[in-house]
Number of protein chains: 2
Amino acid sequence: MAVRGPRKDSPRLTARGAATRERIVATAADLMFRQGVTATTLDQVVDACGISKSQLYHYFPDKDALITEVIAMRERRMVSSQKPQLDQVRSMRDLERWRDSLVTGHRERDVPYRCPIGSLANELSCYDDARQSLAAIFSRWQGLLADGLVRMRESGELDPGADPAELAVAVIAALQGGYLLAETMQDEQPFLVALDMALDHVKAHVRTPVANLTQPDT
Amino acid sequence: MAVRGPRKDSPRLTARGAATRERIVATAADLMFRQGVTATTLDQVVDACGISKSQLYHYFPDKDALITEVIAMRERRMVSSQKPQLDQVRSMRDLERWRDSLVTGHRERDVPYRCPIGSLANELSCYDDARQSLAAIFSRWQGLLADGLVRMRESGELDPGADPAELAVAVIAALQGGYLLAETMQDEQPFLVALDMALDHVKAHVRTPVANLTQPDT
DNA sequence: GGAGGACTGGACGATTTCGTCCAGTTTGTG
DNA sequence: CACAAACTGGACGAAATCGTCCAGTCCTCC
C-alpha cells in the first residue's frame, strides 16, 4: 500500500499495457459498484472485460490488489468530478448549484442512486487497509467542501463562528444517508430531502444582515 | 415472504426447536453485521452457533431463507429498541434524549459504529426481495419518528407548516450517513455532527415564541 | 412408552472461486 | 531484426462453499 520503490507497479509498461490495466480496473469498479465487492468474481471481471485470465494476473497479484486499485480509481474519479465544482464554491448560491448538479447528474445518466465510495466503505470497513484508504477519500472530499466554506467565510457570507470542517462533515453525512435511503426506497426524494437539510444547515450559519431579520409572524 | 398458509414455517415446532432456530438467526445476524452478508459463510454460522450443519438445514431451506430471517430479526430489534423511546417523543427535549441514548448506547456496549439495517441495505439493495423488506423497515422507523413529530406539532411546539414525514426522512438520512462516516473514519464525531445537524433541522421548524427572538449580535 | 422432533457428526458431491501455469501468438519498440 | 511486453486459451489444482444425506442418539410431549 505504501509507496516504497521509485516505480514498483510499473516495471516497463507500454501505453497499451497501461490502457488495458486501466480498463480492467474500470470494469472491476463497475461490477463492484453494482454487485458489491465480495459478490464480484474475477471471472466476471475477465468476461466483462473481454480479456483472458492470465492478463488479469499479469497486472495484479491477487484480488486484493485489484480492489486497492479500484479504490484508488474511485478517489481519482471523485476528485475529478467534485473538485472542479467545489473549487468554484464561494457563496450559498454556488453550493446550491453543486447540489443541483449532483441531482441532475443522477437523473440524466441513469446510474442507480448509490455512492461509489460510500458503498465500498460500507462493505470494506472491516478490512483496515481498505477502510483507511476510504477514510482518506472521505477526508479529501470533505476538505474540498470545507475549502469552499472557508471561502464563503472569508467573503463574509458565512459566519466567522461557523466551523467549515464540521459543516462539511455534516453535508457529506447527509449526502451519504440520502444515497442509502434513495437507493433502498428506490426514490430520489430522500436524497433531495437530505441534501436540502444539509444546505439549510449551512445556511443557518450564513451571516444574517439586519435586512433579513423580517418581523416574525406571531 | 408473504404469509400464505396458517403456519407455514412452523410445522410442529417445539419450544426448544424455536429457541435453537432463533439462536441460529441471531448468530447469523451477528456475523453478517460484522462481516457482511456475502462474506458470511454458513459454516461460520454453524461453528459460531455450536450446532451441526444438518440442524441449520433442518430449519432453513437455504442461505436466502436465513438472510430473510435475519432481516426480519433486524426489524423486530429495531422496533423493540426504538419504539419505546420514539413513542415518548413529545418535545424537542425528548428528541434530544433520543439522540443522546443513541450515542451513549454505542459508547457503553462497544459495538462498532454501524447501522445493522443500513449495512444490510447497502449490501442487499441489488436483490429486490431483500431491498423491499429493508425499505419497509426504514419506512417503519421513519414512521415512528414522524409520529413523534406529529405529536410535537399537535402540542404546538412544531410549526403547523412543518412536514413530519419529510423531517423524519431527513433525520434518518443524517443518522445513516453519520453511521457510515463514523465507521469509516473510526471516530464518533461525524455521528454526533450529523445528528446535531438533524436535530437543528427539526428545531428550525419549532414555533418561535417572541421571547426566543433575542436581539441579533450584529 | 412410543412417536416424532431435536440434534450430532461427518461423509459426500457439485460448483464456484481463487490462483497457477504454460505453450504459443501478436504487437510494439529500440 | 530482435527482444520484451501484451495477449490468448484453457488446463489445472486447491480450497471454499453450498447443499444433501444418513445412521444413530437425545429429548419431549402426548
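In this text the structure is predicted, and so the values were computed from the model without any measurement.
- Between B:Tyr57 and D:dT20 there is no side-chain N or O to OP1 or OP2 distance below 4.0 Å.
- Summarising the geometry, the separation between CD on B:Glu22 and P on C:dA6 is reported as 14 Å, rounded to the nearest angstrom.
- For the OP1/OP2 pair of C:dC7 and a distance below 4.0 Å, the side-chain nitrogens and oxygens of B:Arg16 include at least one atom meeting the criterion.
- Both B:Lys53 and B:Ala15 lie near DNA chain C, and the one whose nearest nucleotide falls closer to the 5' end is B:Ala15.
- Taking 4.0 angstrom as the limit, A:His58 places a side-chain polar atom (N or O) nearer than this to OP1 or OP2 of D:dA6.
- Closest to the side chain of B:Asp62, from the set C:dC18, C:dT8, D:dG19, is D:dG19.
- Nucleic acid contact for A:Lys63: sugar-phosphate only, since backbone atoms but no base atoms lie under 4.0 Å from a heavy atom of the residue.
- Here the side chain of B:Gln55 is nearest to one of D:dT8, D:dA6, C:dT8, namely C:dT8.
- With rounding to whole Å, B:Ile24 atom CD1 is found 11 Å from C:dA6 atom P.
- Taking side-chain N and O atoms only, B:Thr14 has a distance below 4.0 Å to OP1 or OP2 of C:dA6.
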Subject >> Step-by-step salt bridge (Lys or Arg N to Asp or Glu O under 4.0 Å) determination, B:Lys83 to B:Asp87 >> reply: CA-CA 6 Å; B:Lys83 194 175 190 319; B:Asp87 277 353; 2.6 Å; yes
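- Phosphate contact (OP1/OP2 of D:dT8, side-chain N/O of A:Ser52, threshold under 4.0 Å): present.
- Taking atom CG of A:Leu66 as the reference point, atom P of C:dC18 lies 10 Å away to the nearest angstrom.
- Ranking C:dT20, D:dA6, C:dG9 by closeness to the A:Tyr59 side chain, first place goes to D:dA6.
- Between the side chains of A:Trp98 and A:Gln88, not a single donor N or O lies within less than 3.5 Å of an accepting N or O.
- For the pair A:Glu75 and A:Ile137, the tightest heavy-atom approach, listed with the atom from each and the gap, is CB-CD1, 3.6 Å.
- Look at CG on A:Asp47: it is 12 Å from P on D:dT8, rounded to the nearest Å.
- The residue among A:Pro61 and A:Ala39 whose nearest nucleotide of DNA chain C is located toward the 5' end is A:Ala39.
- The CG-P distance, from A:Leu13 to D:dA5, rounds to 10 Å in whole Å.
- Using a 4.0 Å cut-off between a side-chain N of Lys or Arg and a carboxylate O of Asp or Glu, B:Asp147 and B:Arg151 do not qualify as a salt bridge.
- Using a 4.0 Å heavy-atom criterion, one finds that B:Ser54 contacts the bases of the nucleic acid, with or without backbone contacts as well.
- Summarising the geometry, the separation between CG on B:Leu42 and C1' on C:dG9 is reported as 17 Å, rounded to the nearest angstrom.
- No side-chain donor from either of B:Thr20 and B:Gln55 sits under 3.5 Å from a side-chain acceptor of the other.
- Summarising the geometry, the separation between CG on B:Asp43 and C1' on C:dG9 is reported as 13 Å, rounded to the nearest angstrom.
- In this structure, the nucleotide among D:dT17, C:dC18, C:dA6 sitting nearest to the side chain of B:Thr41 is D:dT17.
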